[in-house]
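In what follows, every heavy atom counts, from backbone to side chain, and hydrogens, waters and symmetry copies are set aside. Just so you know, ligand 1 is whichever comes first in the structure, and atom 1 is the first atom listed for that ligand.
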Amino acid sequence: MVLRRLCPLVLLVACGDDTIVEPPPPSEKELLTVAEGEPMPAVETEFIGATLPANATAVGALGNQVIVGTTVGAHAGLFVPGSQGAAGSIDTLALGPAEARVNALASFQAGLLVFMPGSVGFTSGAPVEALADAEPLAGLGVTEVTSRKLASEGASHMLIADSAAFEFDGEELLDWSIPGETGAPTAAVAREDLLLIAYGERLYEIDRESKTGVAVELEVGRVNAIACESSSCDESSTLFLATERGLCVRHSAEAYTLYTLTNSADEGTSVRGFALDTVSQRLYAWSDSALLQVTSDAIPRKIASLEPASLPRVGAVDAAGDLWLASGTTLSRYETGVPLSFATDVLPIMSAYCASCHKAGIKGAPPIDFEDYGVAKSKSDRIVARMADGTMPPAGSAAVPADKFKVVQLWAAEPSP
Ligand code: HEC
C-alpha cells in the first residue's frame, strides 16, 4: 500500500487558498415526523451468544468468520455450524497484538484494516500485522469507519477521526474538515456525489464535486451514525441517520422523514447504529431495545427485541447474511440471513420505484400491481429486462441503485417466494 496524502480539500476553502468563503445560509429542509403508527411486527430471530475476553469496540466480518475488536485486541470468532443443531458454536481465537485496543475495523482487500491508537494493522484472519506506509492513517485517531464499494473492485472508506472526517480509497487520503468545526465528527457517510458529516446535532451536506456544503437544519438531536442503503452508495441511494429522536431517512436534499419509533411524534427513541448486508442489501439499525430492518419507503420493521445494554453496541453482517452484535463482553448472532424473498427484499423496491405509476396506471403506465407477489413473479422477466436496459423507471424518475437491481435479478433467477 502506497499512501498519498492530499492537501486538505476543505469545505468552502480552495486547496492552497486561505480565503474562507462564507457558507451559504442553511437551506430549509422539510422534516416529516412520523410516529410508530401500526405496531411493528416483531419477528424474533434466533440468536446464539458468546462471551468475549474484553469489552467490544468494533465488529467486522471475513466470510463466515467474525472479527471483534475489543479494548485488548482483536478476536476472531469462527462460526462452526454443527453438532448442537442450528445454534452451532463459536470458537474464539485470539489475534495479536494482544494488548492493543482496537478502535475500528474496515474491510480492505481480502481482510480488514485494524485501527488502533497510534497504529494501523491488517488481518485476513491471522494475527494482526503492522501496515507499512500507513503512518498518515495511524496518526488520525480513527474511531469509526463507513465504507462504499467502488466500481473498480476496491472500496472507499469514510474515516471518523479525532479532528475531522477523512476519506481513504487505499491510496489517497482526503481531508473533509469543516471550517468552524473542531474535534471528532459523530457520524459521516460518503455517497458517490455527496457527503453527510455530523458533529453532534449539527449536520452538513457537502457536494463532492464543488466541495461546497450547507448546514442542514433538522431537529433530530444528536446524529449517532449515518448509513447508505446500498454497498456502492451510488447517486440514487437513500441515506439514513440514526439520531437521538429516531430513525431519519434522507429522500432528497429537501425531504427528510423522521420515524420517532414511539407512538408520540414529540418524543423519540434514540437509534444507535447500522449494519448493511452487502449481498442482499438489507440494512439493519438498532436502538437500545429493538433491532430494526429499514427500507426507504416504509416504517422501520422491528425484527427482534434487544436487552438494554450498558455499553455501546457495535455490529456487522457476515457472508451468510447473519447479523452479529456485540456490547460489553457479549457477542450475539441473529439469524437474519434468510433467503431472498419478495416480501422482505423485492416489495420495498417495487413500492419505492415502480408503484407510483403502475399501481394506479398513471403517467401512461399500464396498470400493473407490481406490489402483488403473483403479478410480480409472473412478470419477473419483463421487470428484469426493463430495469436492465435502463428504460424502467423512465428517465426523470428516481433511478434504482445498482445493488438493489442485483437483488431483483437474484430473486427473479431463482424460484424463491
Ligand atoms: C414515471 C412512471 C413510471 C415508473 C416510475 C415506472 N414505470 Fe414502468 N411503465 C411506464 C410507462 C409509461 C410504460 C408504458 C410504456 C413503455 O412500455 O415504455 C411502462 C411499462 C412498463 C412495463 C412494460 C409492461 C410489459 O408487460 O412489458 C414494465 C415491465 C414496467 N413498466 C416495469 C416497471 C418497473 C419494474 C418499474 C420500477 C423499477 C417501473 N416500471 C416504473 C411508466 C413507469
Is Glu229 salt-bridged to Arg191, going by a charged N under 4.0 Å from an acidic O? no
Does Lys406 count as lying over the ring of Trp411, i.e. NZ or CZ under 6.0 Å from the six-ring centre, within 45 degrees of the axis? no
Should Glu181 and Arg202 count as an ion pair when the cut-off is N to O under 4.0 Å? yes
Would you mind checking which non-hydrogen protein atom is closest to atom 5 (C) of ligand 1, with the distance to 0.1 Å? Tyr353 O, 3.4 Å
Judged by modelled atom types alone, do Ser237 and Ser230 share a side-chain donor-acceptor pair under 3.5 Å? yes
Report yes if Ser356 has an N/O atom closer than 3.5 Å to an N/O atom of ligand 1; otherwise report no. no
Ligand 1 versus Ser397, non-hydrogen atoms closer than 4.0 Å: side chain, backbone, both, neither? side chain
Polar contact flag, side-chain donor to acceptor under 3.5 angstrom, Ser341-Thr344: yes
Just by distance, no angles: are the side chains of Glu267 and Thr260 close enough, under 3.5 Å, to form a donor-acceptor pair? no
Does even one non-hydrogen atom of Thr391 get within less than 4.0 Å of ligand 1? no
From the options Ser351, Cys357, Gly364, select the one whose nearest heavy atom is closest to atom 12 (C) of ligand 1. Gly364
Heavy-atom distance to atom 10 (C) of ligand 1: which of Met392, Met350, Arg382 wins? Met392
What part of Cys354, side chain from CB on, backbone N/CA/C/O, both or neither, has a heavy atom under 4.0 Å from ligand 1? both
Are more than 12 heavy atoms from other residues, nucleotides or ligands located less than 6.0 Å from atom CD of Glu209? no
To which of Ser380, Pro394, Pro366, Ala398 does the heavy atom nearest atom 14 (C) of ligand 1 belong? Pro366
Identify, for atom 26 (O) of ligand 1, the protein heavy atom at the shortest distance, and state residue, atom and that distance. Lys379 NZ, 3.6 Å
Looking at Glu205 and Arg250, is any side-chain nitrogen of the basic one under 4.0 Å from a carboxylate oxygen of the acidic one? yes
Carboxylate-amine/guanidinium proximity below 4.0 Å for Asp193 and Arg208: no
Give the residue and atom name of whichever protein heavy atom lies nearest to atom 22 (C) of ligand 1, and the separation in Å to one decimal. Arg386 NH1, 3.9 Å
Students should be able to answer this: which protein heavy-atom is nearest to atom 11 (C) of ligand 1, and at what distance? Ala365 CA, 3.5 Å
If you compare Val400, Asp381, Ile368 by their heavy atoms, the one closest to atom 24 (C) of ligand 1 turns out to be Ile368
Please find out if atom 8 (Fe) of ligand 1 and some N, O or S atom of His358 are separated by less than 2.8 Å. yes
Could you tell me, atom by atom, which parts of ligand 1 come under 4.0 Å of a heavy atom of Ile383? 35 (C)
